[in-house]
Each structure stands twice: as structure tokens, then as C-alpha cells.
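Worksheet for the structure shown next.
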Amino acid sequence: MSKAIPSRNEDYSLWYNELVKKAGLAENSPVRGCMVIKPYGFAIWEKMQQTLDKMFKDTGHSNAYFPLFIPKSFLSKEADHVEGFAKECAVVTHYRLKTDEENGGVIVDPDAKLEEELIVRPTSETVIWDSYKNWIQSYRDLPLLINQWANVVRWEMRTRLFLRTAEFLWQEGHTAHATKAEAEAETQQMLEVYAKFAEEFMAMPVTKGVKTASERFAGAVETYCIEALMQDGKALQAGTSHFLGQNFAKAFDVKFATKEGKDEFVWGTSWGVSTRLMGALIMAHSDDDGLVLPPKLAPIQVVIVPIYRKDEELAAITEVAEKFKSALQDKNISVKFDNRDTHKPGWKFAEYELKGVPVRIAIGPKDLEKGTVEIARRDTKEKQFVNQDETVDFVTNLLEEIQTNIYSKAASFTEENTRSVETYDEFKQVLEKDGGFIYAHWDGTPETEEKIKDETKATIRCIPLNSSSEEGVCIYSGKPSKGKVLFAKAY
RNA sequence: CGGGGCAUAGCACAGUCCGGUAGUGUACCUGGUUUGGGACCAGGGGGUCGUAGGUUCGAAUCCUGCUGCCCCGACCA
């Protein structure tokens with residue numbers, strides 16, 4: 001009981017915060033805006049990393065590592081880039097502390113001021129393109145396909161565990177290409193990788209699209225994104241892929257010799273997903289009893305709980321449990337046999353539900369008699385008895401079914417909460433009453449976008465890639481529109 | 001960074017109005033009985049009441065500064 005979390009209906013935001021803490025995913029740190037990612041939360045992140053890392057390598061990318069600190073002067077080399085990030089950079093000004101003679105403790109040593117201040121990377125384009133200048137000489141060095149797993153710091157005013165923290169973990173891909181078309185194809189390809197990851201592994205449907213100019217990455221020519229709808233009807237940007245054009249190449253003078261011997265600027269891309277995906281994963285599927293994890297990302301896919309009175313019973317149950325454990329592990333299923341005698345079965349049931357373990361197997365004396373086990377699935381909370389000789393196959397299939405089911409559930413939710421409107425009144429009404437994704441005509445101007453945002457808090461999440469070019473008139477200005485765009489209130 | 005609320009044991013809170021030396025639940029430790037949905041009984045440990053100062057014989061309580069957290073806005077992956 002002590003671990004019960006608030007319900008989503010009562011207070012969605014509190015539900016999220018409490019769930020993150022009670023499920024042991026993360027907690028606040030002594031430093032404002034930062035978070036401690038706890039072992040269980042990190043285990044989920046590691047599974048995401050492993051999967052994505054393989055997808056990146058399968059598409060020809062290699063990992064590297066660039067430094068945390070960036071000379072301040074680098075940031076200002078690309079005008080839009082500095083404009084976008086300057087407001088939220090942490091700056092290193094000194095390199096030494098000394099003991100405070102008067103008050104005890106330590107103070108910054110005023111004699112240790114850095115000649116050029118360093119910024120803590122908010123993203124690594126600048127430091128990476130500075131290297132690329134030396135790495136790239138000719139068309140033979142292209143394409144250059146690099147990814148790095150790193151932490152970055154953006155000094156946010158308002159933070160929330162996983163969704164927006166001052167320091168976060170992410171991967172950032174940075175590629176350089178000989179032609180515009182190739183760089184554009186790379187941008188698209190990585191967007192597809194993200195969409196595939198979100199849908200197949202996170203079981204989270206996403207809408208692919210292009211950002212409007214005002215939402216574009218600072219320094220990009222075009223920003224592509226995947227947007228997902230959370231259970232409270234708000235949208236969450238889950239990943240971005242940027243076509244950088246020649247902006248950074250020009251800023252850092254990255255040229256290559258073509259086959260014909262001409263000097264040309266290279267074309268760039270960058271793309272990233274962060275620990276924010278953890279927030280998306282939590283909000284996409286979980287319920288009032290706790291986390292619901294897709295089997296493909298669950299650190300523990302199956303938990304086995306013994307039910308017994310006497311030690312002899314435990315011994316007999318353990319024998320069966322261990323047999324299942326190794327049989328399932330042989331099928332690459334991660335299994336935990338929780339034989340702790342410090343907690344009762346009911347306590348363990350609640351605990352693993354809170355933690356979102358997809359499948360629970362309970363084995364008790366009655367099961368030993370009947371040759372069965374009790375199998376419970378986290379997504380629907382259904383329980384059933386299964387014969388022991390069918391258990392391994394049953395569980396293997398069940399994991400796949402759960403993965404499919406939570407995707408369908410999220411997909412129907414997204415579908416049910418995606419609406420199309422023709423007028424501004426209708427737009428405001430739907431936004432107020434239902435939230436969710438709203439398709440509406442927009443005249444394409446930043447002014448209209450801004451006004452709608454000011455008046456309704458809804459932003460253009462993206463111009464969907466698959467949108468039909470159905471002509472119409474802008475809901476706000478009445479001017480002509482070439483197609484509907486996707487609006488929502490967003491995280 | 002503006003507006004509001006909060007800060008007391010690991011966690012959730014009471015006590016603050018009206019100053020008198022800190023309490024409840026839960027978690028933790030020990031022993032026993034228990035175990036098919038968050039067990040029960042008995043005993044036990046743990047808090048310089050966010051922090052710095054002020055008022056007072058005496059401060060969790062009154063006053064001031066600071067810090068942090070939560071909610072609402074502006075900014076953002």
C-alpha cells in the first residue's frame with residue numbers, strides 16, 4: 001500500500017513523477033534540474049542504447065567520442081546555432097579551487113581564471129565540425145558517418161525527470177556527405193530508424209514530419225521529427241533528424257576535393273534521441289498500477305514468484321522454477337526467480353506490477369500437484385493456469401503478444417485522439433475538450449503559427465510527411481493552405 | 001526568471017495560529033507466528049524540525065535573508 005501511486009485521472013503530472021520514483025527509475029539530485037538514474041531505469045536505457053546502437057552500426061555508422069568542453073568561441077561560428085543555444089549554456093570559467101581561509105570550505109581561486117572560457121556542450125556540432133575540417137580532404141573521405149553516446153547540458157528553467165533535465169544522456173549522429181541529395185537521404189534514413197525503433201521496440205506509434213521554421217534546430221536547414229501522443233493528450237517529440245545543408249561546413253570551413261578536383265563544402269546532418277525517450281516510454285503505456293514495459297525493452301521479461309509455506313515446498317518449487325528459468329534463458333528471455341523469503345507473494349506481485357515486468361509466473365504447492373503454473377500478463381492483468389510442459393512456448397508467445405498488444409493499444413489511443421478540424425472555433429473546442437493531435441489548415445506563415453500558439457498553447461508539431469496535399473484555407477487567417485498540419489499541446 | 005504553495009525520521013504527514021525541549025503511519029532492526037494479491041503480534045533503533053541570522057529565560061512554532069522542491073506562466077529535446 002505504501003507504494004501506491006496517484007491515479008492518472010486525478011493528477012497526471014503527479015502520477016508521472018511518483019511513478020518514476022516509486023518504480024525505481026530515477027530521482028532528483030542535489031543539483032537543481034539534474035537526475036540520478038537508478039539501476040532499474042538505467043537498465044531500460046541500456047536496452048534502448050543497445051538496440052539503437054546496432055541499428056546505427058547496421059546503417060554504416062561508427063561510434064567516436066568528442067569532449068565535454070567546447071571553447072566558447074566555437075559556438076559563435078554558426079550564427080543561428082549560437083542564437084539557439086547561448087541562453088542555456090553552462091560555462092567553465094576557472095580551473096582550480098582553494099581553501100577559504102576565513103570561512104572554511106573551498107572557494108574558486110581567482111588566480112585560476114581560464115584565458116578562454118569553456119562551455120559545457122549543449123550539443124556537439126561545433127566541436128565535431130572543427131575536427132571534421134581535418135578529417136575530410138577529398139571525396140574519398142566521404143561520407144563520414146559518426147555517432148557518439150554522451151551527456152549534454154542545457155540549463156533549463158523548468159525540469160522534469162527524464163522529460164527535461166539540465167543534464168541528459170543521448171546519442172548524437174553527425175555525418176558529412178559529398179552531395180546534398182546524399183545528406184538529405186541520410187536525414188530521412190535516420191528518421192526512419194527512429195520511427196522503427198519507437199514503433200517496434202518502444203511499441204509507440206509516431207508521426208513523422210518536418211518542423212516549421214520556428215521549431216527548427218538552431219543551425220539546420222530542415223528538421224525532421226517523430227512525434228508521439230501521450231495518454232494525457234499532449235504530444236512529445238521523441239527524436240529529431242536534421243539536414244544541416246552546408247551551414248556548419250561553411251562555418252568551420254570543411255571543404256573536400258571532388259573527383260574533378262574542385263573544392264566544395266560538404267553537406268551535413270545530425271540526429272539524436274535522448275533519455276527523454278524514457279519519459280515517452282513511461283507515458284505511452286503505463287497505468288495506475290505502475291509501469292507497463294514493452295517486452296523488447298524490459299530489463300526483466302519474466303519473473304517467477306514461488307508460493308510456499310514450508311521449506312520443503314520451496315525446495316520443490318525451486319527445482320521447477322530453475323528449470324523454467326534456464327529453459328527461458330536459452331530462448332534469450334531475461335528471467336528473475338524471486339525467492340526472497342523477506343516478502344510475501346502478494347507484495348511481490350504488486351512490486352513487479354509497479355516495475356512493469358511483462359510476465360509473471362507464480363508456482364505454488366497446488367501447481368506442483370496439478371503440473372501447472374499461474375501466468376499473469378502485466379498489460380491486461382489477465383491470469384491463467386498453464387500446463388508446465390507448455391509453459392516455455394506459452395511464455396515465448398505471450399511476450400510477443402504483449403509487445404503487439406501494447407502497440408495496438410497505443411495506436412488506437414492515438415487514432416481516437418487524432419482529429420481533423422476546419423475552423424478555428426472547432427480547433428479551440430477540440431483542444432479544450434479532448435486535446436490530442438489536431439489536423440488543421442495553416443497558411444504557412446510564422447505569424448499565424450505564433451498567434452495560434454499564444455491564444456491556445458497549441459503548437460505545430462510537424463508538417464506530416466504522409467499528409468495528403470489537400471488544399472484548403474487556414475483556420476486562423478483564411479488564406480490558402482496547401483495541406484493540413486499537425487497541431488497539439490506539447491511537452 | 002515572474003506569481004503561488006511547501007520544507008519536521010528513508011517515505012507520507014501531524015504539531016506552527018496560541019513559544020515550554022517532537023509525534024503518527026509506513027519503511028528499517030530483533031524474535032515468533034505467517035505466505036495463491038502489498039500479513040500479524042511483541043520489542044527496538046533512527047530527527048541539532050532545509051539553512052543562516054534575529055527576538056526571547058526558552059523557538060519546529062514569531063521575524064528576516066538564503067537554498068531547494070512542487071504547481072502555474074515565459075524558454076526548450
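All heavy atoms count here, side chains included; hydrogens, waters and symmetry mates do not. Residue numbers start from 1 in every chain, and the chains themselves are labelled A, B, ... in the order their sequence lines are given, proteins ahead of strands.
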Classify [X] by what it touches in the nucleic acid, base, sugar-phosphate, or nothing, heavy-atom distance under 4.0 Å.
{"X": "A:Pro306", "answer": "nothing"}
{"X": "A:Lys366", "answer": "base"}
{"X": "A:Thr123", "answer": "nothing"}

Any side-chain N or O of [X] below 4.0 angstrom from OP1/OP2 of [N]?
{"X": "A:Asn17", "N": "B:C71", "result": "yes"}
{"X": "A:Lys381", "N": "B:G37", "result": "no"}
{"X": "A:Ser13", "N": "B:C71", "result": "yes"}

Has the side chain of [X] got a donor or acceptor atom sitting under 3.5 Å from an opposite partner on the base of [N]?
{"X": "A:Asp367", "N": "B:G36", "result": "yes"}
{"X": "A:Arg309", "N": "B:G36", "result": "no"}
{"X": "A:Lys383", "N": "B:G37", "result": "yes"}

Grab the [atom1]-[atom2] distance between [X] and [N] for me, whole Å please.
{"X": "A:Lys310", "N": "B:U35", "atom1": "NZ", "atom2": "P", "value": "10 Å"}
{"X": "A:Glu215", "N": "B:C76", "atom1": "CD", "atom2": "P", "value": "8 Å"}
{"X": "A:Leu281", "N": "B:A77", "atom1": "CG", "atom2": "P", "value": "22 Å"}
{"X": "A:Trp347", "N": "B:U34", "atom1": "CH2", "atom2": "P", "value": "22 Å"}

Checklist entry - Cation-pi between A:Arg164 and A:Tyr491: NZ/CZ under 6.0 Å from ring centre and within 45° of the ring axis? => result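 No.
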Checklist entry - Should the pair A:Lys451 and A:Tyr476 be classed as cation-pi, given the thresholds of under 6.0 Å to the six-membered ring centre and 45° from the axis? => result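 A:Lys451 over A:Tyr476 ring: no.
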Item to check | With A:Asp287, the salt bridge (Lys or Arg N to Asp or Glu O under 4.0 Å) member among A:Arg8, A:Lys381, A:Arg378 | outcome: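 Testing each of A:Arg8, A:Lys381, A:Arg378 against A:Asp287, the sole residue satisfying salt bridge (Lys or Arg N to Asp or Glu O under 4.0 Å) is A:Arg378.
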Next on the checklist: Which is more 5' along RNA chain B, the nucleotide nearest A:Ala490 or the one nearest A:Arg158? Just name the residue.
Outcome noted: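 Residue closer to the 5' terminus by nearest nucleotide: A:Arg158.
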Checklist entry - If you pin A:Asp341 and A:Leu14 to their nearest nucleotides in RNA chain B, which one's is more 5'? => result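 Taking each residue's closest nucleotide, the earlier one in sequence belongs to A:Asp341.
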Item to check | Ring centroid separation A:Phe252 to A:Tyr132 under 6.0 Å | outcome: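 Distance test on ring centres: not under 6.0 Å, no.
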